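Scroll down for the structure; my scribbles are underneath it.
What you see is a predicted model; the values in this text were computed from it and never measured. Along the sequence shown, residues are numbered consecutively beginning with 1.
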Amino acid sequence: MDRTLIILKPDAVQRGLMGAIISRFEAKGLAVMAMKMVKLSRATTEAHYEMHRERPFFNSLVNFMTSGPVVLMVLEGNHAVDVSRKLIGATAGFKAEPGTIRGDFGMSGANNLIHGSDSNESAKIEIDRFFKPEEFCSYEPALRNWIYDMSGGKPQ
Ligand code: IDP
Ligand code: MG
């Protein structure tokens with residue numbers, strides 16, 4: 001199964017949207033394998049958004065991401081990265097399609113509620129950045145055999 005790193009940003013926490021957002025991933029069939037609420041340090045946030053360092057919004061992005069608690073989650077499922085990015089929607093709330101998380105809950109291109117890894121490679125780096133191995137709960141999600149056809153040994 002594939003994994004992705006999700007961050008519920010400070011606006012999602014402050015606006016009371018944690019439950020509504022997490023519900024969408026659960027209902028879709030992605031399994032929560034690790035989750036915690038933390039306040040990010042500037043250093044960790046800068047590393048996470050290093051590819052945007054030269055962009056004009058970099059400083060305000062780091063200020064925003066460190067302005068309050070966030071919720072970090074690791075989601076697991078077949079094609080977890082692509083499926084999550086589709087549920088999340090386009091970067092700016094005013095452009096994101098209705099039905100997506102950003103399209104339904106936000107207006108802003110900066111305060112856009114949620115981060116999701118954009119490839120399997122970045123998911124691995126981001127999961128290792130934010131979670132220690134012992135923070136994962138080892139369990140077999142009970143609904144897996146109903147969410148997927150597992151008769152061939154791998155999810156279909
Ligand atoms: P993504 O989160 O959809 O992958 P990226 O382009 O990787 O979008 O940008 C990272 C984050 O930086 C966005 O989620 C958003 O919070 C912020 N951001 C992106 N573009 C802008 C902008 O034009 N103005 C202000 N903030 C932006
Ligand atoms: Mg991105």
Side-chain angles (χ1 to χ4, degrees), residues 1-52 57-58 61-93 95-144 147-148 155:
M1 289 281 177
D2 306 307
R3 288 183 169 182
T4 191
L5 187 278
I6 297 291
I7 308 176
L8 306 186
K9 296 183 178 183
D11 54 334
V13 175
Q14 293 286 3
R15 290 179 55 200
L17 292 170
M18 289 183 286
I21 294 171
I22 294 168
S23 289
R24 294 196 172 203
F25 293 113
E26 289 185 308
K28 179 68 174 171
L30 288 154
V32 180
M33 304 309 287
M35 178 157 66
K36 61 184 174 184
M37 180 187 255
V38 298
K39 243 182 136 180
L40 296 177
S41 69
R42 288 194 79 83
T44 303
T45 307
E46 287 181 9
H48 175 66
Y49 282 125
E50 184 59 36
M51 75 294 281
H52 296 312
F57 58 81
F58 181 74
L61 175 60
V62 175
N63 289 343
F64 165 55
M65 291 298 291
T66 56
S67 66
V70 301
V71 173
L72 301 166
M73 293 190 287
V74 177
L75 300 181
E76 187 175 274
N78 207 13
H79 308 293
V81 168
D82 287 348
V83 168
S84 298
R85 295 279 293 191
K86 280 203 173 116
L87 293 187
I88 289 169
T91 300
K95 282 192 187 151
E97 292 292 328
T100 64
I101 291 165
R102 287 169 173 165
D104 284 353
F105 296 131
M107 296 289 284
S108 171
N111 294 13
N112 61 359
L113 299 162
I114 183 165
H115 165 83
S117 308
D118 62 10
S119 68
N120 286 336
E121 295 68 41
S122 47
K124 189 174 174 349
I125 292 166
E126 292 175 1
I127 290 167
D128 290 347
R129 174 176 294 122
F130 291 110
F131 283 94
K132 302 188 189 97
E134 61 267 28
E135 291 176 308
F136 285 84
C137 294
S138 169
Y139 76 113
E140 186 59 33
L143 292 179
R144 189 155 281 168
I147 290 167
Y148 302 103

| With no hydrogens and no angle check, is any side-chain donor or acceptor of Thr44 less than 3.5 Å from a backbone partner on Leu40? | no
| field | Contact summary for Gly68 and Pro10, nearest pair of heavy atoms | value | O-CG, 3.7 Å
| query | Are Val70 and Val38 close enough that some pair of their side-chain heavy atoms sits under 4.5 Å apart? | reply | yes
| Is it true that the side chains of Arg3 and Asn120 contain a donor and an acceptor less than 3.5 Å apart? | no
| Do Cys137 and Met33 have side chains that get closer than 4.5 Å, going by heavy atoms? | no
| Is any side-chain heavy atom of Glu76 less than 4.5 Å from a side-chain heavy atom of Leu30? | no
| query | In this structure, are over 12 heavy atoms from other groups packed under 6.0 Å from Lys86 atom NZ? | reply | no
| request: Measure from NZ or CZ of Lys9 to the centre of the six-membered ring of Phe64, then state whether that distance is under 6.0 Å and the direction lies within 45° of the axis. | output: no
| task | Please answer whether the main-chain N or O of Lys132 pairs with a side-chain N or O of Glu135 as donor and acceptor at a distance below 3.5 Å. | result | yes
| request: Describe, in one word, how the ring planes of Phe57 and His52 are oriented to each other, choosing from parallel (under 30°), tilted (30 to 60°) and perpendicular (over 60°). | output: tilted
| query | Is the count of non-hydrogen atoms from other residues, nucleotides or ligands lying under 6.0 Å from Met107 atom CE greater than 12? | reply | no
| Given side chains that start at C-beta, do those of His115 and Tyr49 come closer than 4.5 Å, heavy atoms only? | yes
| query | What's the spacing between Ile114 CD1 and Ile88 CD1 if we round to 0.5 Å? | reply | 4.0 Å
| Is any side-chain heavy atom of Ile6 less than 4.5 Å from a side-chain heavy atom of Leu72? | no
Under 3.5 Å, sequence neighbours excluded: what are the donor-acceptor pairs made by side chains of residues 13-27?
from, atom 1, to, atom 2, distance (Å)
Arg15, NH1, Phe105, O, 2.9
Arg15, NH2, Phe105, O, 2.8
Ser23, OG, Gly19, O, 2.8
Arg24, NH1, Gly99, O, 3.3
Arg24, NH1, Asp104, OD2, 3.0
Arg24, NH2, Asp104, OD2, 3.0

| request: Apply side-chain contact (heavy atoms from CB on, under 4.5 Å) to the pair Lys95 and Thr91, showing each step before the final yes or no. | output: CA-CA 8 Å; Lys95 282 192 187 151; Thr91 300; over 6 Å; no
| request: Apply the test side chain to side chain donor-acceptor pair (under 3.5 Å) to residues Ser108 and Asn112: give CA-CA distance (whole Å), side-chain angles for both, the deciding distance (0.1 Å), then the verdict. | output: CA-CA 6 Å; Ser108 171; Asn112 61 359; over 6 Å; no
| said: Just so I know, are the side chains of Phe136 and Ile127 near enough to count as touching, which here means a heavy-atom distance under 4.5 Å? | reply: yes
| request: Give the ring-plane orientation class for Phe130 versus His48, where under 30° counts as parallel, over 60° as perpendicular and anything between as tilted. | output: perpendicular
| task | Without swapping roles, check the side chain of Tyr148 against the backbone of Leu143 for a donor-acceptor pair under 3.5 Å. | result | no
| query | Could you walk me through whether Arg144 and Met1 pass the side-chain contact (heavy atoms from CB on, under 4.5 Å) check? | reply | CA-CA 11 Å; Arg144 189 155 281 168; Met1 289 281 177; 3.6 Å; yes
| request: Looking only at non-hydrogen atoms, find the nearest pair between Ala123 and Thr4 and report the distance. | output: CB-CA, 4.0 Å
| said: Return the CD1 to OG distance between Ile101 and Ser84, rounded to the nearest 0.5 Å. | reply: 8.0 Å
| message | Main chain of Leu113, side chain of Asp11: is a donor-acceptor contact present, judged purely on distance under 3.5 Å? | response | yes
| query | Which pair of non-hydrogen atoms, one from Ala31 and one from Pro141, has the smallest distance, and what is that distance? | reply | CB-CG, 3.7 Å
| request: May I ask you to test the Ile7-Val71 pair for a side-chain heavy-atom distance under 4.5 Å? | output: no
| query | Hey, does the side chain of Thr66 reach the backbone of Val62 with a donor-acceptor pair shorter than 3.5 angstrom? | reply | yes
| Would you say Glu97 has more than 12 foreign heavy atoms packed within less than 6.0 Å of its CD? | no
| query | For Val32, what residues pass the side-chain contact (heavy atoms from CB on, under 4.5 Å) criterion, not counting sequence neighbours? | reply | Met35, Leu75
| field | Ser117 side chain to Leu5 backbone, donor-acceptor under 3.5 Å | value | yes
